[in-house]
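Working notes, structure below.
First the proteins, then the strands, lettered A, B, ... as listed; each starts at 1.
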2 protein chains.
Amino acid sequence: MMEHDIFRALADPTRRTIFEKLAAGSMNASALRQGMDISQPAMSQHLAVLRAARLVREQKEGRFVNYEVDPDGLALIAQWLAKYRAYWPARIDALKLLLKDMDQ
Amino acid sequence: MMEHDIFRALADPTRRTIFEKLAAGSMNASALRQGMDISQPAMSQHLAVLRAARLVREQKEGRFVNYEVDPDGLALIAQWLAKYRAYWPARIDALKLLLKDMDQ
DNA sequence: ACGACACATAAGCACATACTTATGCGATTC
DNA sequence: GAATCGCATAAGTATGTGCTTATGTGTCGT
């Protein structure tokens with residue numbers, strides 16, 4: 001199940017941090033480790049989970065692997081969220097901000 | 001951390017099923033168990049996790065406890081998602097559907 | 001008042017998961 | 001072509017998680 005992979009991937013705080021770093025700009029696995037106190041295999045395993053969830057995608061460049069945010073995963077979350085639109089609060093500031101952003 | 005509780009809560013397929021059932025209409029814990037092959041304590045524990053994540057809220061009615069979707073949790077997910085709007089694909093069908101839904 | 005009911009909580013157990021160290025595999029450098 | 005580098009994978013281990021079987025707490029019916 002796709003949404004299962006996504007929510008399971010995002011359930012780990014380390015993986016959310018990795019995703020946020022990639023959202024700020026794509027980079028390779030070694031660069032991602034900077035300032036994170038995480039071993040190389042651990043990073044590799046986390047990236048594999050994020051990749052399986054389609055939250056992240058890889059782009060091989062020689063012996064480096066550049067990682068970037070995969071829009072597909074975010075779209076799937078948006079799709080999941082849309083199912084419950086009937087319950088979205090009408091006046092919460094966060095939602096108003098979201099609507100404004102989406103309205104472009 | 002709020003978003004941690006939310007993603008961790010949604011990482012479990014049984015809890016997502018419970019949430020979906022509640023989205024279709026609020027009901028008490030016993031009613032939720034119908035057709036789910038889950039013990040009473042297990043249901044109670046799942047509901048406690050969903051409650052802690054603000055995805056669900058309770059409304060005590062005598063010896064029954066009516067559960068319903070809590071819009072706060074959904075708003076927090078929307079807020080999290082909004083942070084990455086720069087990566088939302090412009091032309092993916094799912095997003096177009098979402099936009100249409102949100103536009104009411 | 002007593003039992004039945006709806007639900008929560010406690011404790012224990014089986015399994016999943018996130019880490020570690022060790023090793024493998026290509027691509028690059030010398 | 002040998003060593004090094006960037007990354008993936010394997011295997012083992014400690015902790016987390018979801019379940020179970022009691023048991024507790026408050027409410028209702030009789």
The reported gap from NE2 in B:H46 to CZ in B:R16 (rounded to nearest 0.5 angstrom) is 11.5 Å
Which nucleotide in C:dC19, D:dT20, C:dC7 has an atom nearest any side-chain atom of B:S39: D:dT20
Within the distance-only criterion (no hydrogens, no angle test), does the side chain of B:R51 pair as donor or acceptor with the backbone N or O of B:V56 below 3.5 angstrom? no
Separation of atom CG in B:L47 from atom P in D:dG18, rounded to whole Å: 13 Å
Considering only heavy side-chain atoms of A:S44, the closest of C:dC7, D:dC7, D:dC19 is D:dC7
Nearest listed nucleotide, side chain of A:V65, among C:dA18, C:dT9, D:dC7: D:dC7
Can you check whether B:L32's main-chain N or O pairs, donor with acceptor, with B:K21's side chain at less than 3.5 Å? yes
Base, sugar-phosphate, or nothing for A:R33, non-hydrogen atoms under 4.0 angstrom? nothing
Whole angstroms only, please: what is the CD1-C1' distance between B:I18 and D:dG18? 12 Å
Starting at CG of A:N66 and ending at P of C:dA27, how long is that distance when rounded to a whole Å? 17 Å
Strictly below 4.0 Å: does B:R15 bring a side-chain N or O up to OP1 or OP2 of D:dC19? no
Using a 4.0 Å heavy-atom cut-off, does A:R8 contact any base of the nucleic acid, only the sugar-phosphate backbone, or nothing at all? sugar-phosphate
Counting side-chain heavy atoms from C-beta on, which of C:dA18, C:dC7, D:dT20 comes nearest to B:F64? C:dC7
Of the nucleotides D:dA22, D:dC19, D:dG18, which has the atom closest to the B:D12 side chain? D:dG18
To the side chain of B:R63, which of D:dC7, C:dC7, D:dT27 is closest? D:dT27
d(CG, B:N28; P, C:dA8) in whole Å: 10 Å
So does A:Y67 get a side-chain nitrogen or oxygen closer than 4.0 Å to the phosphate oxygens (OP1/OP2) of D:dA8? yes
Atom pair distance, as rounded to whole Å: NE2 in B:H4 and C1' in C:dT17: 13 Å
Minimal non-hydrogen separation, A:Y67 against A:S26, with atom names: O-CB, 2.9 Å
Calculate the interatomic distance between A:E61 atom CD and C:dG26 atom C1'; express it in whole Å. 16 Å
Pairwise distance CD(B:Q45) to CG(B:L50) - rounded to 0.5 angstrom: 12.5 Å
Counting side-chain heavy atoms from C-beta on, which of D:dG18, D:dT9, C:dC19 comes nearest to A:T14? C:dC19
Considering only heavy side-chain atoms of A:Q45, the closest of C:dA6, D:dA22, C:dC19 is C:dC19
Separation of D:dC7 P from A:E58 CD (nearest whole Å): 11 Å
Under 4.0 Å from OP1 or OP2 of C:dT17: is there any side-chain N or O of A:H46 that close? no
Between C:dC5 atom C1' and B:M43 atom CE, what is the distance in whole Å? 17 Å
Quick check on DNA chain C: between A:G62 and A:Q40, whose nearest nucleotide comes earlier from the 5' end? A:Q40
Specify whether B:F7 and A:F7 have parallel, tilted or perpendicular ring planes, treating 30° as the upper limit for parallel and 60° as the lower limit for perpendicular. tilted
